[in-house]
Amino acid sequence: MRRIVLVFVSCLLAATGAVQAQTCPRVGADTVQGGFTVNLGERFCVGSNIALTNSANVQSAQYWHEYTGTALPTTGGTATPTFRYTRPGKFLVIQRGKLNGREAYACRVVEVLPQPSPVFTVVSCAPGEGVLTIPQDPANPYEEYVLNWGVAGQAPVTLSRTSTPIRYTFPSSTTPYTISVRGNYAPGGCGATSGQAFRANGIPPSPQRADLTRLELTGPATATLTLSTFRNGSIEVFQRPAGGTFQTTGEKLATSTASNVVSLKNLNNQTQTCFKATFTDACQRTQDSPELCSLPLRVTAQNQQNQVEWTALPTPPTGAAFLGYTLRRNGAALPPVVTAIGATQRTDAPVRCGETYAYQLTARIGAMESVSEVKTVRGISTVTPPALTAFSSTITNETVNLTWTAPPAGTPPNDGIRRYTLTRSEGGAAFEPLVDSLVGTATGFADRNAQPASQTYCYVLSYTDVCGNRSLPSAPTCPVLLRQARGELEWTPYQTFGPATTYTVEEVSAAGQPLGSQAVGSALRYEPDPNLLSGQQVRFRIRASGTGPGQVSFSNVIPYSLALRVVVPEAFSPNGDGINDAFEVKGLFIQDYKLQVFNRWGEPVFASQDRAEGWNGQLNGTPAPEGWYAYQLDVTDFRGTPFQKRGGFLLTR
């Protein structure tokens with residue numbers, strides 16, 4: 001008795017590069033309906049010759065047999081109603097012409113079908129028996145197949161895509177038979193045939209199972225599984241939770257390729273899952289690959305370190321050596337390789353606060369490797385950052401300007417500044433918040449609300465690092481407050497250059513340019529020397545200097561006024577000895593000048609408005625008598641303040 005079983009696997013139509021779905025162009029309301037028929041219908045194979053019949057008797061009919069456009073064609077037509085198609089796809093057949101004097105149009109969609117030779121396999125699992133399989137393949141697009149076993153008197157078998165498997169017993173196990181399979185389109189009435197020689201000798205092809213070579217977790221619920229090549233059979237992938245039993249994943253491979261990769265979904269990658277590949281040959285014999293388990297990875301950020309943990313792999317199968325766990329950080333391997341299969345954790349230290357780290361673990365077992373999902377974590381630190389040391393203040397244009405230098409980038413534990421916080425003390429009072437939102441890239445701040453010429457100000461700066469830790473406060477910085485008191489200059493000490501701070505008194509122009517200076521060491525008081533100044537009304541500021549590079553700070557600028565100074569001699573001796581030979585007025589800051597001299601009877605004997613001109617003791621070209629004389633001095637200083645002095649002096653020779 002003969003037994004027939006056919007194993008059929010449906011397939012999709014292969015991509016052919018032909019035009020996909022076509023839609024007939026729209027026409028205007030003044031166009032009438034033409035008409036034509038296609039002798040082969042609307043579905044036929046490549047290489048077919050079609051003939052169109054002008055069923056509507058359209059005059060001057062033109063045809064477009066292989067049109068793929070979207071607008072109504074106007075050129076390129078032909079009056080020939082026959083055509084041979086040489087490529088598969090869907091095309092428009094368009095008719096244009098005249099009917100009763102009006103524009104006529106008709107359109108139909110035709111499908112030109114490819115004709116690949118069907119692919120099938122046939123094996124002998126027992127003497128005289130054959131099993132035929134039509135696999136899923138682009139070469140198998142047909143709706144039905146006609147199977148001929150090549151045995152005389154055996155009628156062909158017609159199979160649909162839903163046919164059940166057929167197994168056939170041949171009359172002889174030694175006679176060669178030629179088996180043919182023809183694929184047919186329905187409708188379409190065309191197709192192609194392929195055949196192969198077969199001997200039912202009971203010797204199946206040598207199978208080659210597939211082994212798992214790589215398992216990589218690609219997301220919280222996804223993974224890819226790579227298998228080695230296999231032949232003469234199919235593969236089904238199974239999975240099990242740790243300690244559980246294997247269940248199918250639903251993933252199958254009917255044929256092997258150069259790279260067999262299976263995408264797995266709906267996994268729980270927080271727990272370990274083990275996989276195996278079951279190989280089934282055409283005779284339904286099965287072989288299991290060694291199992292390969294996943295590596296769930298967990299990464300936790302701790303103080304200046306990251307803790308990496310994973311689920312250890314089970315004991316490898318016999319003959320497979322465990323080669324170790326390799327941890328990669330940001331793509332680079334972190335030595336050493338962990339060789340203990342039972343290891344479950346590793347600490348990565350030190351790490352930088354605020355920096356993102358990506359970890360991936362790879363385990364190698366013989367020729368297999370299991371790769372974890374990439375896990376990222378942001379480094380943290382709970383260490384209080386150090387105080388800023390390069391924090392200084394100076395006064396420019398009546399504004400307190402603060403400058404500082406951030407810690408060098410990459411300096412643990414801060415590794416970056418999120419924002420600065422500035423507090424201010426006015427006149428020695430408690431520090432109060434001034435600004436709390438200075439960006440971490442700032443290097444200075446101008447306190448435009450301060451009045452540095454009226455009272456003292458001190459500032460303290462702190463910062464918050466990228467991990468949210470608040471730094472220690474800086475030492476206060478206090479710019480110098482300069483004042484005039486009782487004709488002297490007095491100032492407050494500068495902070496924070498240290499005890500070696502020295503001071504220089506500078507006379508400056510209205511534009512702030514230095515006109516002269518006097519170093520005073522560590523003194524906080526100075527009486528200006530009028531002889532060293534540029535005028536009666538000047539401007540002063542204090543320059544504070546530290547011992548470090550760039551440690552310079554300036555005080556506020558104050559105006560300074562000196563009183564008019566006048567000296568009138570009480571006697572003079574015009575005897576030609578070169579000593580006190582003239583009665584002269586000495587003084588500072590005199591702008592307008594008038595001197596008058598009178599004898600004892602009040603008669604004027606000398607007058608001058610020139611400071612450089614004194615009285616030489618002559619009266620009308622002869623020496624004036626010795627004795628007592630009176631004077632009147634009228635001057636105005638550079639501030640416009642008048643001054644008058646009267647007195648007497650002695651002329652003696």
Side-chain angles (χ1 to χ4, degrees), residues 482-490 504-511 513-520 523 525-541 557-653:
L482 175 62
R483 289 175 174 172
Q484 180 179 351
R486 299 176 297 278
E488 292 185 329
L489 299 176
E490 295 180 345
T504 300
V505 179
E506 292 186 343
E507 181 188 347
V508 296
S509 67
Q513 297 299 316
L515 300 176
S517 64
Q518 179 64 48
V520 297
R525 181 187 297 270
Y526 177 72
E527 183 177 1
D529 184 348
N531 296 299
L532 301 178
L533 302 181
S534 63
Q536 182 183 12
Q537 291 181 296
V538 295
R539 296 174 180 83
F540 284 113
R541 72 180 179 189
V557 176
I558 64 169
Y560 185 86
S561 296
L562 292 162
L564 175 71
R565 298 195 178 191
V566 176
V567 178
V568 181
E570 295 179 350
F572 81 113
S573 56
N575 55 14
D577 63 357
I579 301 174
N580 295 327
D581 285 337
F583 177 72
E584 296 175 317
V585 176
K586 304 294 184 182
L588 293 174
F589 315 126
I590 298 174
Q591 186 174 36
D592 296 323
Y593 170 89
K594 183 179 181 181
L595 175 65
Q596 299 178 77
V597 178
F598 306 91
N599 61 20
R600 66 183 61 190
W601 296 281
E603 297 173 337
V605 296
F606 176 78
S608 176
Q609 294 183 349
D610 184 358
R611 284 182 57 193
E613 182 184 2
W615 184 38
N616 60 6
Q618 296 290 315
L619 181 62
N620 298 322
T622 62
E626 292 184 299
W628 188 259
Y629 290 83
Y631 70 87
Q632 177 176 320
L633 176 66
D634 294 283
V635 297
T636 304
D637 66 12
F638 286 95
R639 295 176 297 182
T641 303
F643 175 79
Q644 186 180 77
K645 185 175 183 179
R646 295 177 180 179
F649 63 93
L650 181 66
L651 186 157
T652 180
R653 292 187 173 83

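We count residues from 1, following the sequence as given.
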[atom1]-[atom2] distance between [X] and [Y], expressed to the nearest 0.5 angstrom:
X: L482; Y: Y526; atom1: CG; atom2: OH; value: 12.5 Å
X: E584; Y: K586; atom1: CD; atom2: NZ; value: 4.5 Å
X: R646; Y: Q632; atom1: CZ; atom2: CD; value: 4.0 Å
X: R483; Y: R525; atom1: CZ; atom2: CZ; value: 12.5 Å

Ignoring hydrogens and geometry, is there a side-chain-to-backbone donor-acceptor pair from [X] to [Y] under 3.5 Å?
X: T636; Y: G640; result: no
X: E570; Y: L650; result: no
X: Y560; Y: G487; result: yes

For [X] against [Y], the heavy-atom pair lying closest together:
X: G617; Y: P574; value: CA-CG, 4.1 Å
X: Q484; Y: I558; value: N-CD1, 3.8 Å
X: E506; Y: P514; value: OE1-CG, 4.4 Å
X: I590; Y: G587; value: CD1-CA, 4.0 Å
X: V635; Y: Y593; value: CG1-CD1, 3.9 Å
X: D577; Y: S573; value: OD1-O, 4.3 Å

Can you establish whether the number of heavy atoms outside R639 located under 6.0 Å from its atom CZ is more than 12?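 Counting other residues, nucleotides and ligands, CZ of R639 exceeds 12 neighbours.
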
side-chain contact (heavy atoms from CB on, under 4.5 Å) between F589 and L533, intermediate numbers included: CA-CA 11 Å; F589 315 126; L533 302 181; 5.8 Å; no

Determine whether [X] and [Y] make a side-chain contact, defined as any pair of heavy atoms from C-beta on separated by less than 4.5 Å.
X: L564; Y: L588; answer: no
X: D637; Y: F643; answer: no
X: P604; Y: Q596; answer: no
X: E507; Y: R539; answer: no
X: V505; Y: F540; answer: yes
X: L633; Y: V585; answer: yes
X: L515; Y: V508; answer: no

With a 6.0 Å cut-off on ring centres, are W615 and Y629 close enough? yes

Taking the six-membered ring for Trp, are F649 and F583 parallel (under 30°), tilted (30 to 60°) or perpendicular (over 60°)? parallel

Identified side-chain contact (heavy atoms from CB on, under 4.5 Å) counterpart of D634 within the set Q609, K645, Q644: Q644

Working for salt bridge (Lys or Arg N to Asp or Glu O under 4.0 Å), residues E613 and R611: CA-CA 5 Å; E613 182 184 2; R611 284 182 57 193; over 6 Å; no

Show your reasoning for whether side-chain contact (heavy atoms from CB on, under 4.5 Å) applies to L651 and F572. CA-CA 5 Å; L651 186 157; F572 81 113; 3.5 Å; yes

